[in-house]
Amino acid sequence: MRYDIAVIGGGPAGYSAAFEAAARGMSVVLFEYGELGGTCLNRGCVPTKYLAHAAGRYHDAVTCGQDGISFDGVKLDHNRMVSRMNEIVGSLREGLTGELSGKGITVIKGEASVLGAGLVGCGGESFEASGILIATGSGSSKPLISGAITSDELLKLKTIPKKLHILGGGTVAVEFAEIFSMLGSSVTISVRGERILRGWDKEIAVSLSRSLKSKGVRINTGCDLTAIKCGDDETVLSAAGRLPVLPDIAGGLVEISEDGGIVADENGCTSTPGIYAAGDVLSGSLKLAHTSMEQGRRAIRHIAGENVGPEAVPVRCIYAGQEAASVGCTEAEADNAVSAKQSMLSNARTVISSGERGFVKIVADPKTHRVIGAQLMCERAGDMVPELALAIDRGLTVDEMLYSVRPHPSYSEAVTGALRNLSEKIDAL
């Protein structure tokens, strides 16, 4: 059969591209050998965020005495928690399946291969397509030491580990440390460097480190992770990153980089016209579901001959008790930038809900007054950061952002506070 678009991979990049193509009247076939939704829905973003939600509620139940609320016999039913997690994942996957069908997208379960430009093979059959999008995602790296498990395996544990030792200090490590410490595990993080979250703003890394330690998490720095041994009665999680997963591709059709990913330009174009790539399978991918989604949609817009415009600035989030978010430049990364922040200790919503330390920091160019970056550590940081990302993408100035009135009391008021502080700082230069 012949289609306008053939998508290999049913994760965020793949299904987003399929929907984008169908919305433009293109005929689409999508190949997926596993479960629709990819890592994000089945083994990543969704199940872990549910566990963070459930762990947070359990933690609140046993620590809400300061609000005059107490419970007798609070119990944690891990089996029910896992069952609920699977129910949510299954429901969302069923909804995705129905939506793909409703848009007229043909879904074929099987392992597809790229036979040539405009030709895909699967299950002994050949499928012609004007455009092919490779969106096969990534998989967990091999565990750093013998006996360690991956995050996929951690989600399948039948019981909550008494001791959890996490090797690595990235986003995955921090989120799991928070989750399992609230569920009652004794958690240790070991990292090679001087701190966790090496790729993040230092103030966020230091603040989250303090928050984790206040919850009993031990953080060991300067470690040789490969020399660590699995201790007795201890579960060791190797959180050493993820690697691209490539489909079978006929030789020479695409360029593969040293990190194992497909080389493509900002529109997903590979070295062969008509063959595109998007998401975690790309060389240098940020491994973020929302970024992958936009890459898939962008590739389709390019195929359709539309003016796709500049790439949007990427947004990163950490979903711990104190959420963290980062977009654009830090002050250290930008030349002659100026920044200002607003502490959350004076934010009414924060004082009411948690009272934890946090901040909103905004970075601007002192010459143009345009916002060029922001770093947040506070409750609902992931919900607040899109406003700042839009400001960066659209070149808004500090004064233009101050034009908007944010509700009181709200976490977002801290954005206004940071902007006012930044405006005064720029005026004083």
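These numbers come from the heavy atoms of this one structure, side chains and all, not from hydrogens, waters or symmetry mates.
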Worksheet item: With side chains defined as the heavy atoms from C-beta onward, is the minimum distance between L197 and I318 less than 4.5 Å?
Response: yes
Discussion item. Between D399 and T397, is there a side-chain donor-acceptor contact under 3.5 Å, judged purely by atom types and distance?
Written reply: no
Discussion item. What verdict does the side-chain hydrogen bond (donor to acceptor under 3.5 Å, both in side chains) test give for Q322 and S207, after you've listed the backbone C-alpha separation in whole Å, the side-chain angles of each residue and the deciding distance to 0.1 Å?
Written reply: CA-CA 9 Å; Q322 280 287 82; S207 297; over 6 Å; no
Fill in: Heavy-atom closest contact (G395 atom, E400 atom, distance)
O-OE1, 4.2 Å
Worksheet item: Are S412 and R406 close enough, and set up right, to give a side-chain hydrogen bond (donor to acceptor under 3.5 Å, both in side chains), and what steps lead you there?
Response: CA-CA 6 Å; S412 64; R406 296 166 186 87; 5.6 Å; no
Worksheet item: Can you check whether P12's main-chain N or O pairs, donor with acceptor, with S16's side chain at less than 3.5 Å?
Response: yes
Item to complete: Using atom types as modelled and distance alone, determine if a side-chain donor or acceptor of T188 lies under 3.5 Å from a backbone N or O of R218.
Response: no
Item to complete: Determine yes or no for a side-chain-to-main-chain donor-acceptor pair under 3.5 angstrom, with E175 supplying the side chain and V172 the backbone.
Response: no
Worksheet item: In Å, rounded to the nearest 0.5 Å, how long is the span from CZ of R80 to CZ of R84?
Response: 7.0 Å
Item to complete: Could you tell me the separation between the OG1 atom of T270 and the CG atom of D265, rounded to the nearest 0.5 Å?
Response: 9.0 Å
Discussion item. Are more than 12 heavy atoms, taken from residues, nucleotides or ligands other than Y33, located less than 6.0 Å from that residue's OH atom?
Written reply: no
Worksheet item: If you draw a 6.0 Å radius around CZ in R198, do more than 12 non-hydrogen atoms from other residues or ligands fall strictly inside?
Response: no
Worksheet item: Counting distance only, does the side-chain N/O of T221 pair as donor-acceptor with the main-chain N or O of R195 below 3.5 Å?
Response: no
Worksheet item: Where do V363 and T330 land on the side chain to side chain contact (heavy atoms under 4.5 Å, CB included) test, with the steps shown first?
Response: CA-CA 7 Å; V363 185; T330 65; 5.5 Å; no
Item to complete: Walk me through it: do E266 and R298 pass the test salt bridge (charged side-chain N to carboxylate O under 4.0 Å, His left out)?
Response: CA-CA 9 Å; E266 69 275 10; R298 184 181 179 88; 5.4 Å; no
Practice prompt. Using a cut-off of 6.0 Å, state whether more than 12 heavy atoms not belonging to R357 lie near its atom CZ.
Written response: no
Response to the item:
Tightest non-hydrogen contact, residues E333 and C329, listed as OE1-CA, 3.6 Å
Practice prompt. Could you tell me whether a side-chain N or O of S101 sits under 3.5 Å from a main-chain N or O of G98, the two making a donor and an acceptor?
Written response: no
Discussion item. Looking at S140, is its backbone amide N or carbonyl O close enough to the side chain of D152 to form a donor-acceptor pair, meaning the two atoms are under 3.5 Å apart?
Written reply: no
Worksheet item: Shortest non-hydrogen contact from I189 to G168?
Response: CG2-O, 3.4 Å
Discussion item. As an exercise, state the distance from CZ of R316 to NZ of K287, rounded to the nearest 0.5 Å.
Written reply: 13.5 Å
Fill in: Separation between CG of L30 and CG of L36, rounded to the nearest 0.5 Å
6.5 Å
Discussion item. Within the supplied structure, the quantity of interest is the number of heavy atoms (other residues, nucleotides, ligands) at a distance under 6.0 Å from K215 NZ; does it exceed 12?
Written reply: yes
Worksheet entry | salt bridge (charged side-chain N to carboxylate O under 4.0 Å, His left out) between E294 and R301, worked out | CA-CA 10 Å; E294 179 54 26; R301 294 196 293 269; 2.5 Å; yes
Worksheet item: Taking the side chain from T272 and the backbone from L253, do they hold a donor-acceptor pair closer than 3.5 Å?
Response: yes
Discussion item. For L157 versus H78, what's the shortest heavy-atom pair and its separation?
Written reply: O-CE1, 3.2 Å
Worksheet item: If you draw a 6.0 Å radius around NZ in K163, do more than 12 non-hydrogen atoms from other residues or ligands fall strictly inside?
Response: no
Worksheet item: What's the verdict on side chain to side chain contact (heavy atoms under 4.5 Å, CB included) for I362 and K341, showing C-alpha distance, side-chain angles and the deciding distance?
Response: CA-CA 6 Å; I362 301 176; K341 65 181 179 179; over 6 Å; no
Fill in: Atom pair CD (E87) and CE (M85), whose distance is rounded to the nearest 0.5 Å
11.0 Å
Practice prompt. Evaluate the criterion side-chain hydrogen bond (donor to acceptor under 3.5 Å, both in side chains) for residue pair E379 and S353; output intermediate values, then yes/no.
Written response: CA-CA 9 Å; E379 292 169 278; S353 58; 2.7 Å; yes
Response to the item:
Closest heavy-atom pair, S141 versus T150, reported as atoms and distance to 0.1 Å, is O-CG2, 4.1 Å
Worksheet item: Given L388 and M401, is the side chain to side chain contact (heavy atoms under 4.5 Å, CB included) satisfied, shown in steps?
Response: CA-CA 9 Å; L388 293 156; M401 287 202 70; 3.8 Å; yes
Discussion item. Quick check against the 3.5 Å criterion: does S423 have a side-chain atom that pairs as donor or acceptor with the backbone of L419?
Written reply: no
Practice prompt. Give the C-alpha distance, both sets of side-chain angles, the deciding distance and a yes or no for side chain to side chain contact (heavy atoms under 4.5 Å, CB included) between Y276 and I300.
Written response: CA-CA 9 Å; Y276 294 74; I300 296 300; over 6 Å; no
Discussion item. L167 and side-chain contact (heavy atoms from CB on, under 4.5 Å): which single residue from L237, T226, V236 fits?
Written reply: V236
Worksheet item: Between R24 and D4, is the closest basic N to carboxylate O distance under 4.0 Å?
Response: no
Worksheet item: Where does the angle between the aromatic ring planes of F176 and F180 fall among parallel (under 30°), tilted (30 to 60°) and perpendicular (over 60°)?
Response: tilted
Discussion item. Determine whether a donor-acceptor pair (N or O, by modelled atom type, separation under 3.5 Å) exists between the side chain of D259 and the backbone of G284.
Written reply: yes
Worksheet item: Counting N and O atoms only, with roles assigned by atom type, does the side chain of D67 sit under 3.5 Å from a partner on the main chain of I69, one being a donor and the other an acceptor?
Response: no
Discussion item. Within 45 degrees of the ring normal and closer than 6.0 Å to the centroid, is that where the cationic atom of R380 sits relative to Y411?
Written reply: no
Fill in: Chi angles and distances behind the side-chain hydrogen bond (donor to acceptor under 3.5 Å, both in side chains) call for H165, S190
CA-CA 8 Å; H165 193 163; S190 292; 2.7 Å; yes
Worksheet item: Is any side-chain N of the basic residue among E234 and K162 closer than 4.0 Å to the acidic one's carboxylate O?
Response: no
Item to complete: Could you please spell out the steps behind the salt bridge (charged side-chain N to carboxylate O under 4.0 Å, His left out) verdict for E35 and R93?
Response: CA-CA 8 Å; E35 297 170 315; R93 190 168 55 234; 3.8 Å; yes
Fill in: Value rounded to 0.5 Å, distance of CD in E331 from CG in N336
10.0 Å
Worksheet, complete the sentence: Closest non-hydrogen contact found for H302 with V308 is N-CG1, 3.7 Å
Discussion item. When you compare the side chain of M293 with that of Y15, does any pair of heavy atoms fall below 4.5 Å?
Written reply: yes
